[in-house]
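Please read these numbers as outputs of a predicted model, since none were measured by experiment. Position 1 is the first residue of the sequence; numbering continues from there.
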Amino acid sequence: MFKQKIINLSSVLTIALLLASCSRNAIYIVRHAEKATANANMSSDVPLSADGEQRAQNLKKLLLDKNVQAIFSTPYIRTKSTAKPLSDATQVAVQLYSPKDTTDLFIARVKAIQKRNVLIVGHSNTVDGLVNKLMGQQLLTDLPETEYDNLFIVKRKGKKYSFEKRKY
């Protein structure tokens, strides 16, 4: 009887280790929503336009039930404003990262997040690098300046990654 309990305990521990090694999470990557047209009185750090504000709300609705537990944004008004509705709704603070940091360091930070879904808000010239580094292959090039509706999803299961592109 004692030997059988040890075997059962051993089986439970083995299953627990296998489940832990098969961690799953999704990384949602978007470019900031539509920005306002800069005028002579604005800096280059422009806010979102009315369409951009609506797109940020749409992003919140889309990801609200996805259990996003980490949100990253560059320190610009348009990226923070894109992340804010989801952050407010989930009470998950937006963590800032610099697009000037090396992509490798930021990707290592994101990859260290286990079993939690992540949102990253970037720019037309940074989103491709993030997706490509996460996937370990060249899938995207710089996004056109006119595209704001791409949602890139990188799913991780253990050490395997998959990629999906959607519109929102």
Side-chain angles (χ1 to χ4, degrees), residues 24-113 115-156 161-168:
R24 294 179 182 212
N25 69 322
I27 303 164
Y28 302 95
I29 306 164
V30 298
R31 176 189 182 195
H32 61 79
E34 290 89 338
K35 59 186 176 181
T37 303
N39 62 42
N41 298 327
M42 285 185 183
S43 73
S44 62
D45 190 10
V46 296
L48 295 179
S49 66
D51 287 343
E53 292 287 345
Q54 183 58 55
R55 186 170 309 281
Q57 290 296 325
N58 293 346
L59 181 65
K60 175 194 79 171
K61 290 175 190 171
L62 181 70
L63 298 180
L64 195 56
D65 67 343
K66 302 297 185 199
N67 197 26
V68 172
Q69 294 181 20
I71 300 173
F72 293 96
S73 168
T74 63
Y76 297 95
I77 293 169
R78 59 193 174 272
T79 50
K80 292 187 296 186
S81 297
T82 302
K84 188 175 181 349
L86 183 64
S87 172
D88 289 348
T90 60
Q91 298 300 300
V92 174
V94 175
Q95 300 175 58
L96 299 181
Y97 74 96
S98 173
K100 295 176 184 172
D101 290 345
T102 68
T103 305
D104 290 336
L105 288 175
F106 180 62
I107 293 301
R109 183 176 169 194
V110 172
K111 283 186 171 183
I113 298 170
K115 297 182 183 178
R116 295 189 300 160
N117 292 336
V118 176
L119 169 64
I120 302 172
V121 183
H123 302 269
S124 62
N125 63 345
T126 64
V127 165
D128 62 315
L130 296 172
V131 169
N132 294 339
K133 285 285 187 177
L134 281 164
M135 291 301 298
Q137 58 183 307
Q138 189 77 19
L139 296 172
L140 302 174
T141 56
D142 284 354
L143 300 176
E145 275 294 316
T146 56
E147 288 187 17
Y148 297 93
D149 61 348
N150 292 301
L151 172 65
F152 303 104
I153 306 167
V154 175
K155 291 186 180 179
R156 174 174 53 188
Y161 289 83
S162 63
F163 171 74
E164 183 179 345
K165 178 181 175 181
R166 292 188 190 167
K167 297 287 188 179
Y168 79 100

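Asp51 is not listed as a side-chain neighbour of Tyr148, based on a closest heavy-atom distance of 4.5 Å or more. Residues Leu130 and Tyr97 have side chains in contact (heavy-atom distance under 4.5 Å, counting atoms from C-beta outward). No side-chain heavy atom of Val68 sits less than 4.5 Å from a side-chain heavy atom of Val92.
The two residues Arg78 and Ser44 have their closest heavy-atom pair at NH1-O, 3.4 Å. Here the closest non-hydrogen pair linking Val46 and Ala36 is CG2-O, 3.7 Å. Scanning both residues, Ile77 and Pro47, for their nearest heavy atoms gives CG2-CA, 3.6 Å. Residues Leu48 and Ser81 come closest through the heavy atom pair CD1-CB, 3.5 Å. Across all their heavy atoms, Ala70 and Gln95 have their closest contact at CB-NE2, 4.2 Å. What you find for Ala33 and Thr82 is that their closest heavy atoms are N-OG1, 2.9 Å.
Residue Lys84 qualifies as open at atom NZ: its count of foreign heavy atoms under 6.0 Å is 12 or below. More than 12 heavy atoms of other shown residues, nucleotides or ligands fall within 6.0 angstrom of atom NZ in Lys111.
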Set out, in order, the CA-CA distance, both residues' side-chain angles and the distance that settles side chain to side chain contact (heavy atoms under 4.5 Å, CB included) for Lys35 and Glu145, then state yes or no.
CA-CA 11 Å; Lys35 59 186 176 181; Glu145 275 294 316; 4.0 Å; yes
For a side chain to side chain contact (heavy atoms under 4.5 Å, CB included) check, start with the C-alpha distance between Asp88 and Lys60, then their side-chain angles and the critical distance, and finish with the verdict.
CA-CA 9 Å; Asp88 289 348; Lys60 175 194 79 171; over 6 Å; no
Do Arg55 and Glu34 pass the salt bridge (charged side-chain N to carboxylate O under 4.0 Å, His left out) test, and can you show the C-alpha distance, the side-chain angles, and the key distance before you say yes or no?
CA-CA 8 Å; Arg55 186 170 309 281; Glu34 290 89 338; 2.8 Å; yes
Would you sort out whether Tyr28 and Leu86 count as a side chain to side chain contact (heavy atoms under 4.5 Å, CB included), showing the intermediate values?
CA-CA 12 Å; Tyr28 302 95; Leu86 183 64; over 6 Å; no
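Between Ile29 atom CD1 and Ile153 atom CD1 the span is 9.5 Å, to the nearest 0.5 Å. Distance OG1/Thr126 to CZ/Phe106: 9.0 Å, rounded to 0.5 Å. The CG atom of Asn132 sits 4.0 Å away from atom CD of Gln138, with the distance rounded to the nearest 0.5 Å. Going from atom CD of Gln69 over to atom CZ of Arg116 covers 6.0 Å, rounded to the nearest 0.5 Å. To the nearest 0.5 Å, the span separating CZ on Phe152 from CG on Leu140 amounts to 5.0 Å. Rounding to the nearest 0.5 Å places CD1 of Ile107 at 8.5 Å from NZ of Lys133.
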Could you give the side-chain donor-acceptor pairs of residues 161-168 under 3.5 Å, partners two or more places apart or in another chain?
residue, atom, partner, partner atom, Å
Tyr161, OH, Arg156, NH1, 3.3
Glu164, OE2, Arg166, NE, 2.6
Glu164, OE2, Arg166, NH2, 3.0
Lys167, NZ, Asp149, OD1, 3.3
Lys167, NZ, Asn150, OD1, 2.9

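The stretch residues 119-128 participates, sequence neighbours left out, in no salt bridge (Lys or Arg N to Asp or Glu O under 4.0 Å) pair at all.
For the side chain to side chain donor-acceptor pair (under 3.5 Å) with His123, the qualifying choice from Thr74, Asp142, Thr79 is Thr74, the only one to do so.
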